[in-house]
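Inspection log for the structure reproduced underneath, given as structure tokens.
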Amino acid sequence: MVETIEWIEGGPATSGHVVMIDQRKLPREQVFVTCRTYEEMADAIKTMVIRGAPAIGVAAAMGVALGVQQGADFEKVCNTLAATRPTAVNLFWAIGRMRTLRASLNGAPAEEIVRRMIEESQQIRLDDIEICKAIGRNGASLVPDGKTVLTHCNAGALATAGYGTALGVIRAAVEAGKKIDVFAGETRPFLQGARLTAWELQQDNIPTTLITDNMAGHFLRSGRIGCVVVGADRIAANGDVANKIGTYSVAVLAKENGVPFYVAAPVSTFDLTLASGDNIPIEQRAASEVTEVFGVPVAPENIAVENPAFDITPAKYVTAIVCENGVARAPYEQSLRAFAGGSKKVSA
Ligand code: MRU
């Protein structure tokens, strides 16, 4: 499996930089993008070179480290990175962690500040991989043996620093010897399911079938799907889940057909400052993502378009939320707080 994002150390005369696989080009091309400045990193997050909540958190942390290395104004660095995408709270969580460290280093020599900020961003990346593995271990027992798992979007190694959240649960179930296969919803309009999830699972030799999003109800009704597992971009205190557009429809159809609907996400995706999903900002993306397929127009010119990138799945449709500290169930007001270790301040 290729690395999603890596910090490359600088030499005696060069600064460190970040290398990421360009997720816009997968699966047809494996092209890598290099970021040497925080501005380049902000652009990479905004333009979806890297995407997925935990991955953009890691990218933002490394972006802050680049900015500190550049000697740029710290507030401007944090604010620029925080303005890239609004929904995934991991972005703000990671910037907040970098801010806390920076504040503790006031008065330290410049070289030490740069070194410690780079180390912190690398630690966030390493922690994320371990957290995903813990999510996988906690969730593996929920996956019924001998059945199909339905997932939506890409919550895999590419959406994290490695291993994945929803795909981490699937990987861990396979590693535990379960005979499962995966149905991947294609995830219109950006096609994260078709391009990224199908590719990732194929690389791991996990049997995978690609379906279009509007086939989910048909297969959930068929009795073939043992459970649904998806990731999340932000989870409110009451257990409402923001995830890729289309997740809500899958959750309602799962409940209607008696299929468990699991959300796999790290504690850094919890936003316990928000009472419900109604307060989660939803990113609106370009109309061209809907009217064009790979640059080819498929709709009449000047047609009105809506393109919300995420939707909210109310907690009543969520069977359980799997995090690195365990499996949270309703009432989520209590269980999420217990797993998060108290309320969490999110700021950017
Ligand atoms: O717009 P994207 O591709 O960043 O959206 C990604 C998702 O919605 C994922 O399901 C979510 O971030 C969880 S990733 C572990």
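Order of appearance sets the numbers: ligands from 1, and atoms from 1 within every ligand. Count residues from 1 along the sequence.
For ligand 1, the atoms closer than 4.0 angstrom to any heavy atom of Q192 are 1 (O), 2 (P), 3 (O). The R85 neighbourhood of ligand 1 comprises atoms 1 (O), 2 (P), 4 (O), with distances under 4.0 Å to a heavy atom of that residue. Of all the atoms in ligand 1, the ones that sit under 4.0 Å from a non-hydrogen atom of F310 are 1 (O), 5 (O), 8 (O). Close approach of ligand 1 to A53 (heavy-atom distance below 4.0 Å) involves ligand atoms 12 (O), 14 (S). Using a 4.0 Å cut-off to heavy atoms of A159, the atoms of ligand 1 that qualify are 14 (S), 15 (C).
Every N/O-N/O distance between G231 and ligand 1 stays at or above 3.5 Å.
To the nearest 0.5 Å, atom NZ of residue K133 and atom CG of residue N138 are 14.5 Å apart. Rounding to the nearest 0.5 Å gives a distance of 6.0 Å between CG of L201 and CD1 of I170.
Residue H152 does not touch ligand 1, judged by heavy-atom distances below 4.0 Å. At a heavy-atom distance under 4.0 Å, atoms from both the backbone and the side chain of A155 approach ligand 1. At a 4.0 Å heavy-atom cut-off, ligand 1 touches N154 through the backbone alone. Residue contacts with ligand 1, taken as heavy atom pairs separated by less than 4.0 Å, do not involve A265 at all. Under 4.0 angstrom from ligand 1, there are no non-hydrogen atoms of E283.
With hydrogens left out, the protein atom closest to atom 15 (C) of ligand 1 is T165 OG1, 3.1 Å, a heavy atom. Of the protein's non-hydrogen atoms, N243 OD1, 2.7 Å is the one closest to atom 10 (O) of ligand 1. The protein heavy-atom contact nearest to atom 5 (O) of ligand 1 is K244 CE, 3.2 Å. Nearest protein heavy-atom neighbour of atom 8 (O) of ligand 1: D233 OD1, 2.8 Å.
There is a side-chain donor-acceptor pair under 3.5 Å between N154 and R51. S276 and N238 share no side-chain donor-acceptor pair at under 3.5 Å.
Of all heavy-atom pairs between K244 and A309, the closest is NZ-O, 3.0 Å. Minimum heavy-atom separation, T187 to C153: OG1-N, 2.9 Å. Nearest heavy atoms, I113 versus A108: CD1-O, 3.5 Å. Across all their heavy atoms, M48 and Q23 have their closest contact at O-CB, 4.1 Å.
Of the candidates I245, N307, T87, E283 forms a side chain to side chain contact (heavy atoms under 4.5 Å, CB included) with just one, namely T87.
In this structure, R195 fails the cation-pi test against F294, since its NZ or CZ atom is not both closer than 6.0 Å to the six-membered ring centre and inside 45 degrees of the ring normal.
If you check each of G52, A264, A232, C153 against atom 13 (C) of ligand 1, the one with the closest non-hydrogen atom is A232.
Residue contacts with ligand 1 include P54, since one of its heavy atoms falls under 4.0 Å from the ligand.
Judged by distance alone, with hydrogens and angles left aside, the side-chain atoms of D213 form a donor-acceptor pair with the main-chain N or O of R188 at under 3.5 Å.
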